[in-house]
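To keep things clear, I will list the structure first and then write my remarks on it.
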Amino acid sequence: MISMIVAADENNAIGFENKLLCRLKDDMNHFVSTTKNKPVIMGYKTFESLGCKPLKNRFNIVLTRAPMAMTIVHAELLNKDDNIIFESFDYVQFMIEQSPDTEFVVIGGQQIYELFLPITSRIYLTHIRHTFVNADSYFPLINE
């Protein structure tokens, strides 16, 4: 199963210059408790925003358009302890199909949300009651 977790403002804005729009303590605690001990899926820019370090107590899957280049650049991070994979969407989809009882949680950014939204079963959405005018990334609109 695929889930998404995101905090978005009133215009679905989620970030600016590869950073969160704000840090809300309760939302951060919710993020940790929701994703702990689960595989998380993120794009390379999101991985960079984490300081190129995997999230602890999670199996980290990082998607990039240039897996070989990223593998060379971050070869020191690619070991069994870090649980990081730079792979294609098709590979991740195959992993998910092979683990039907596992909840995979997409954590961003915009392009990764757009890619996984059609096959997502659940969205953990925090509504931020504010509008950030400088936002440059957005959560995709959901057709209800």
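Keep in mind that this is a model prediction, so the values were computed, not measured. Here, residue 1 is the first one in the sequence, and each next residue gets the next number.
- Remark: the backbone N or O of V105 is not paired with any side-chain donor or acceptor of S3 at under 3.5 angstrom.
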Item to check | Residues E10, H130; criterion side-chain contact (heavy atoms from CB on, under 4.5 Å); working and verdict | outcome: CA-CA 6 Å; E10 294 173 345; H130 185 78; 5.8 Å; no
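- With a 6.0 Å radius and a threshold of 12 heavy atoms from other residues, nucleotides or ligands, E103 has its CD atom above the threshold.
- Between V92 and F116 the shortest heavy-atom distance is CG1-CZ, 3.9 Å.
- A side-chain donor-acceptor contact under 3.5 Å links S99 to the backbone of M95.
- Hydrophobic clustering of Ile, Leu, Val, Met, Phe, Trp and Tyr side chains at less than 4.5 Å, counting indirect connections, keeps F16 apart from M42.
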Checklist entry - Can F89 and I119 be said to form a side-chain contact (heavy atoms from CB on, under 4.5 Å), step by step? => result CA-CA 12 Å; F89 174 74; I119 59 173; 3.8 Å; yes
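- In terms of heavy-atom proximity, A7 sits nearest to I14 at O-CG2, 3.5 Å.
- Checking side-chain atoms of N60 against main-chain N and O of R58 turns up a donor-acceptor pair under 3.5 Å.
- Listed for the N57 side chain is no donor-acceptor partner under 3.5 Å among the backbone atoms of N37.
- The neighbour count for K45 NZ, taken as heavy atoms of other residues, nucleotides or ligands under 6.0 Å away, does not exceed 12.
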Item to check | Step-by-step side-chain contact (heavy atoms from CB on, under 4.5 Å) determination, T126 to H30 | outcome: CA-CA 9 Å; T126 298; H30 173 66; 4.3 Å; yes
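- Hydrophobic cluster membership differs between V106 and Y138, with clusters built from Ile, Leu, Val, Met, Phe, Trp and Tyr side chains linked at under 4.5 angstrom.
- Although no hydrogens or angles enter the test, the distance criterion places no donor-acceptor pair under 3.5 Å between the side chain of S49 and the main chain of K19.
- Of the residues listed (L55, V62, I107), the one engaging F47 in a side-chain contact (heavy atoms from CB on, under 4.5 Å) is V62, and it is the only one.
- No side-chain heavy atom of Y113 sits less than 4.5 Å from a side-chain heavy atom of T120.
- The main-chain N or O of F139 is never found under 3.5 Å from a side-chain atom of Q110 such that the two would form a donor-acceptor pair.
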